[in-house]
Amino acid sequence: MTPKEFKEVSIRLRPRLLQTAIRYLGDAEEAEDTVQDVLLHLWQISDQLKKKPDGLAMVLTRNFCVDKIRNRKTIIHGELPHDIIEEPVDEELLERTMNILKTLPFMQQTIIRLRHMEGMEMKDIAELTGSTEVAVRKTLSRARKAIAQKVLSNQKK
């Protein structure tokens with residue numbers, strides 16, 4: 001792909017990529033940075049691109065957004081914001097639960113964190129993970145059940 005062709009493609013794709021990134025990240029500035037990163041990545045591989053890299057650009061945008069969400073502080077450290085919790089927290093139980101959460105399959109961990117730590121709605125989680133709301137609900141239910149079973153089995157010991 002020539003530089004001129006790349007420029008035309010990037011001008012055409014930029015609004016759509018930006019809209020997607022804003023939908024995932026909820027922040028226009030962060031979305032703008034993400035789109036810049038995606039376009040830079042596409043430029044770096046432009047000699048291997050076809051004339052219409054639309055699908056690749058959308059997948060890259062989604063993946064870059066998911067990476068940014070994963071790298072946010074609350075997800076990295078797995079901490080609950082204590083200032084919004086109204087009742088006293090059993091720190092030991094919370095610690096055990098967070099350790100159990102780390103043992104779950106990646107998708108279950110992600111959905112639990114997005115739902116309970118980020119407070120996201122089911123439809124937003126479905127969009128972010130590229131899944132359906134029904135699948136998100138099932139995965140969330142399985143994750144909750146696995147956590148509950150492991151917490152109860154640890155309490156019996």
For the side chain of Arg62 and the backbone of Leu128, is there at least one donor-acceptor N/O pair under 3.5 Å apart?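 Side chain of Arg62 to backbone of Leu128, a donor-acceptor pair under 3.5 Å: no, none is there.
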Between Ser141 (side chain only) and Arg137 (backbone N and O only), is there a donor and an acceptor less than 3.5 Å apart?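 Absent.
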Identify the two heavy atoms, one from Ile22 and one from Ala28, that lie closest to each other, and give their separation to 0.1 Å.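 Heavy atoms only, the tightest pair is CG1-CA, 4.1 Å.
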Could you report the tightest heavy-atom contact between Ala57 and Val38, atom names first, then the distance?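 Between these two residues, the closest heavy atoms are O-CG1, 3.9 Å.
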Is atom CD of Glu133 surrounded by more than 12 heavy atoms (other residues, nucleotides or ligands) closer than 6.0 Å?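 Atom CD in Glu133 is packed in, count exceeds 12.
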Let me know which of Gln109, Lys150, Gln108 forms a side-chain hydrogen bond (donor to acceptor under 3.5 Å, both in side chains) with Thr103.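 Of Gln109, Lys150, Gln108, side-chain hydrogen bond (donor to acceptor under 3.5 Å, both in side chains) with Thr103 is met by Lys150 alone.
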What's the spacing between [X] [atom1] and [Y] [atom2] if we round to 0.5 Å?
| X | Y | atom1 | atom2 | answer |
| --- | --- | --- | --- | --- |
| Leu56 | Asn63 | CG | CG | 9.5 Å |
| Met120 | Ile69 | CE | CD1 | 5.5 Å |
| Arg16 | Leu13 | CZ | CG | 6.0 Å |
| Leu104 | Arg142 | CG | CZ | 13.0 Å |
| Lys68 | Asp27 | NZ | CG | 9.0 Å |
| Thr139 | Ile111 | OG1 | CD1 | 4.0 Å |

Donor-acceptor list for residues 39-47 side chains, cut-off 3.5 Å, not counting sequence neighbours:
residue	atom	partner	partner atom	Å
Ser46	OG	Trp43	O	2.9

Any non-hydrogen side-chain atom of Leu101 less than 4.5 Å from a side-chain atom of Arg113?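 Counting from C-beta outward, Leu101 and Arg113 do come under 4.5 Å.
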Under a 4.5 Å cut-off applied to non-hydrogen side-chain atoms, are Val134 and Lys138 in contact?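 Yes, at least one pair of side-chain atoms sits under 4.5 Å.
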Does anything in residues 117-150 pair up under ring pair (Phe, Tyr, Trp, His ring centres under 6.0 Å), and if so which pairs, sequence neighbours excluded?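 Every pair satisfying ring pair (Phe, Tyr, Trp, His ring centres under 6.0 Å) with a residue in residues 117-150: there are none.
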Set of salt bridge (charged side-chain N to carboxylate O under 4.0 Å, His left out) partners for Arg14, sequence neighbours left out: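 Counting only residues at least two positions away or on another chain, Arg14 forms a salt bridge (charged side-chain N to carboxylate O under 4.0 Å, His left out) with Glu32.
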Please lay out, stage by stage, how Ile112 and Ile147 fare under the test side-chain contact (heavy atoms from CB on, under 4.5 Å). CA-CA 10 Å; Ile112 283 276; Ile147 290 171; 4.3 Å; yes
Spell out, yes or no, whether Leu18 and Val59 are grouped together once hydrophobic residues are joined by side-chain heavy atoms under 4.5 Å, including indirect joins.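 Each belongs to a different hydrophobic cluster.
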